[in-house]
Amino acid sequence: MSPEPPTSHAATAIFNVGLLLAKVAAERPDQVAVAMPTGRDKQGKRQYRSVTFSQLEEDSNRLAAGMAKMGVTPGTRLALMVKPSIEFVSLVFALFKVGAVSILIDPGMGRKNLLGCLDQAQPQGFVAISLAQAVRVFCGRRYRAARHNITVGKRWFWGGPTLEDLRQTDPTGFIPYQAAADDQAAIIFTSGSTGPPKGVEFRHEGFMQQVRQIQEFYGIEPGEIDLPAFPLFGLFNSAMGVMSIIPDMDASRPASVDPRNIIEAMYDWEVTQSFASPAVWNVVGRFCEAEKIQLPTLRRALSAGAPVPPHVLRRLKQAMHPDGDIHTPYGATEALPVASIAASEVLGGTELKSATGAGTCVGRRFSGIQWKVIAIEDYPIANLADATELPPGEIGELIVSGPVVTRRYATSDEATRLAKIAGDSGELWHRMGDVGYLDTEDRFWFCGRKTHRVQTAAGVMYTIPVEAIFNQHPAAFRCALVGIGPVGSQVPVVVVEPYSENYPNTQEEMRKLERELGDLAAANEKSAPVRHFLVHPSLPVDIRHNSKIFREKLAAWADARLGAQLGATLEGS
């Protein structure tokens, strides 16, 4: 039974994304909302479990009503630690409906970082699988404030209801939370790829704006079928009336995906859209090319988390529907979406400029976004008047403003001061932490993270333009520019990860690769200062997308190998 509709708030604007599900369920009650793989039948055919939109609405209402009866009230902070599944989607909508603040953390970031994030967020309860609940209990008084605990799976030696207990709740009389625009909805932690993970505070209006901006920009229609290889994108689908097919993969290790599982699901459900990290599309695209596989129903692919190499775009575009395209939305946990560009535009023109060191074009901004490029500073900027705006073509730091831009970090006032700028008209600007420039068409060209720039005695070098030059080597899967030594006199070093089949196994092969990389460096003024090259079997990358390179770790690794060799240079600089 669905909850009774609110009476006193009938004319109130909807800001709670959770309430969009009721509208979708009324319009498409019998359409599959979410499906997930289970096992295989005797013939080896994949089996799926699924729920319709009406069932998802009913289930999330029961869960929300059950949470309310156990004492969860608007503003209660609950850590959600559940694997991508039908239950995950239903629980997120339930948390929205009861007004709880969801705490979302990447489980693959490691035990130390995970516990550190929980310590910062101070959850008042855990909605978690059995193993996570066991860890909470073993931590003793560390999470003594966590009194609202729900076990997804079997409850072992602790109290609190299970998910199945909550599903027995009668939702009659429960009224979903009518959130105000500014009410807190979630705390989502950054991946920690450029420093310690930070808890970003999301407001209800921000989530609503994300759904609207994405749906309008890409022309997503109700009834489409999406395979989201990033769990949170599945939530937007359900709010838009789009079917979600959860893939068989480890969401914390996207680069290890078995491409056959992705392709199989696309064929089983005639998937029309899919969101995945560049690491996933690299694996799938290479497999499709090698096995001559086509994805005839796939008309829209999306990829984000790091710049998407042209070879990844080219392979996937060749496999998908002839009229389809790949879009690479640009943004950050703190501000998403900001801009987007299609593969057809990249492969039709910007790719050539990128290869010679122009940076990566991330495209044009979404309608709700304003942006500026300002002079690079490493200290807080309180007011926009204190920043120096740069003209098109000049590299600086990108700042953005708009309804999807978050206002603060829930776990660090200092991080908020470093990242936010008060505008001239009451608006708030977010410092993306990215450097680049705007061109004459108002497109942003990404040149790397601000903290990754290499500051040599001869000037500043930016990672993305320099790395693109070396990525042209046929043996290079990816490259990373790092600096060794004190800031202001750093020595630039390029670390190369070859394709496995091209890895140099002898000293002669290594010297040949270094000579060829040196020739590439000398041919472009942006890369000419690079004299030192290292080969790495597998560059360290972020947990969330397996695509962002951990250049801080790589710089320490390079220093350990070259520091002694360059000691005299570094001391004299």
Side-chain angles (χ1 to χ4, degrees), residues 63-64 66-85 87-92 94-96 98-167 184-193 195-202 231-232 250-253 333 408-416 542-544 550 553:
L63 296 178
M67 291 178 190
K69 287 186 177 180
M70 65 181 286
V72 175
T73 58
T76 301
R77 298 184 306 279
L78 297 179
L80 181 60
M81 305 179 76
V82 177
K83 294 179 180 180
S85 58
E87 284 69 28
F88 175 81
V89 176
S90 189
L91 279 165
V92 174
L95 291 166
F96 278 140
V98 78
V101 176
S102 303
I103 300 170
L104 300 174
I105 307 168
D106 274 326
M109 67 171 54
R111 181 177 181 276
K112 181 179 178 181
N113 278 336
L114 179 62
L115 293 176
C117 292
L118 290 170
D119 290 344
Q120 294 178 59
Q122 299 180 344
Q124 294 166 288
F126 285 70
V127 182
I129 60 175
S130 304
L131 181 60
Q133 293 288 13
V135 171
R136 171 187 63 82
V137 173
F138 284 133
C139 284
R141 295 180 58 80
R142 187 169 188 166
Y143 302 116
R144 57 183 176 275
R147 302 183 183 279
H148 305 291
N149 300 302
I150 301 164
T151 302
V152 180
K154 293 183 178 180
R155 185 179 57 228
W156 300 342
F157 47 83
W158 52 84
T162 66
L163 182 69
E164 294 307 315
D165 291 335
L166 292 191
R167 281 177 165 157
Q184 192 179 43
I187 298 172
I188 302 179
F189 278 82
T190 60
S191 64
S193 58
K198 300 182 290 292
V200 181
E201 180 181 272
F202 279 77
L232 287 180
D250 183 346
S252 67
R253 299 176 60 219
T333 305
R408 61 184 292 268
Y409 295 99
T411 58
S412 174
D413 291 338
E414 177 59 24
T416 301
D542 69 294
I543 299 300
R544 182 169 295 171
F550 276 120
K553 291 182 179 179

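Residue numbers count from 1 along this sequence.
Looking at Arg77, its side chain never comes within 3.5 Å of a backbone N or O of Ile103 through a donor-acceptor pair. Listed for the Gln184 side chain is no donor-acceptor partner under 3.5 Å among the backbone atoms of Val101. Listed for the Thr190 side chain is a donor-acceptor partner under 3.5 Å among the backbone atoms of Lys198. Of the possible donor and acceptor atoms, none in the side chain of Arg408 sits under 3.5 Å from a partner among the backbone N and O of Glu201.
The two atoms that bring Leu63 and Ser90 nearest to each other are CD1-OG, 3.6 Å, heavy atoms only. Taking each heavy atom of Pro197 and Asn113 in turn, the nearest pair found is CD-OD1, 4.2 Å. Annotation for Ile187 and Gly199: closest pair CG2-CA, 3.8 Å, computed over non-hydrogen atoms. Across all their heavy atoms, Ala134 and Phe157 have their closest contact at CB-CZ, 4.4 Å. Closest heavy-atom contact between Gly71 and His148: O-CE1, 3.6 Å.
Inter-residue side-chain proximity for Asp106 and Asp542 is flagged as unmet; no heavy-atom pair is nearer than 4.5 Å. Side-chain contact check for Val92 versus Val82: every heavy-atom pair is 4.5 Å or farther apart. Counting heavy atoms from C-beta outward, Val200 and Tyr409 have side chains that approach closer than 4.5 Å. Met67 places none of its side-chain heavy atoms less than 4.5 Å from the side chain of Thr76. A 4.5 Å side-chain heavy-atom check between Phe126 and Leu118 finds at least one atom pair inside the cut-off.
When the options Asn149, Val127, Thr162 are evaluated for a side-chain contact (heavy atoms from CB on, under 4.5 Å) with Gln133, the one that passes is Asn149. When each of Leu114, Val135, Ile129 is checked for a side-chain contact (heavy atoms from CB on, under 4.5 Å) with Met81, only Leu114 meets the rule.
Listed by first and then second residue, the salt bridge (Lys or Arg N to Asp or Glu O under 4.0 Å) pairs involving residues 121-133 amount to none (not counting sequence neighbours). Residue pairs satisfying the side-chain hydrogen bond (donor to acceptor under 3.5 Å, both in side chains) criterion with at least one member in residues 116-132, sequence neighbours excluded, are listed as follows: Asp119-Arg142, Asp119-Tyr143, Gln120-Thr411.
For the atom pair CZ of Phe202 and OG1 of Thr333, the computed distance is 6.5 Å after rounding to the nearest 0.5 Å. Leu166 CG to Ile150 CD1: the interatomic distance, rounded to the nearest 0.5 Å, is 4.5 Å. With rounding to the nearest 0.5 angstrom, the CD atom of Glu164 is 7.5 Å from the CD atom of Glu87. If you take CG on Leu163 and CZ on Arg155, they are separated by 12.0 Å, rounding to the nearest 0.5 Å.
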Could you please spell out the steps behind the side-chain contact (heavy atoms from CB on, under 4.5 Å) verdict for Val152 and Leu91? CA-CA 10 Å; Val152 180; Leu91 279 165; 3.9 Å; yes
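Every residue two or more places apart in sequence or in another chain that forms a side-chain hydrogen bond (donor to acceptor under 3.5 Å, both in side chains) with Trp158 is listed here: Thr151.
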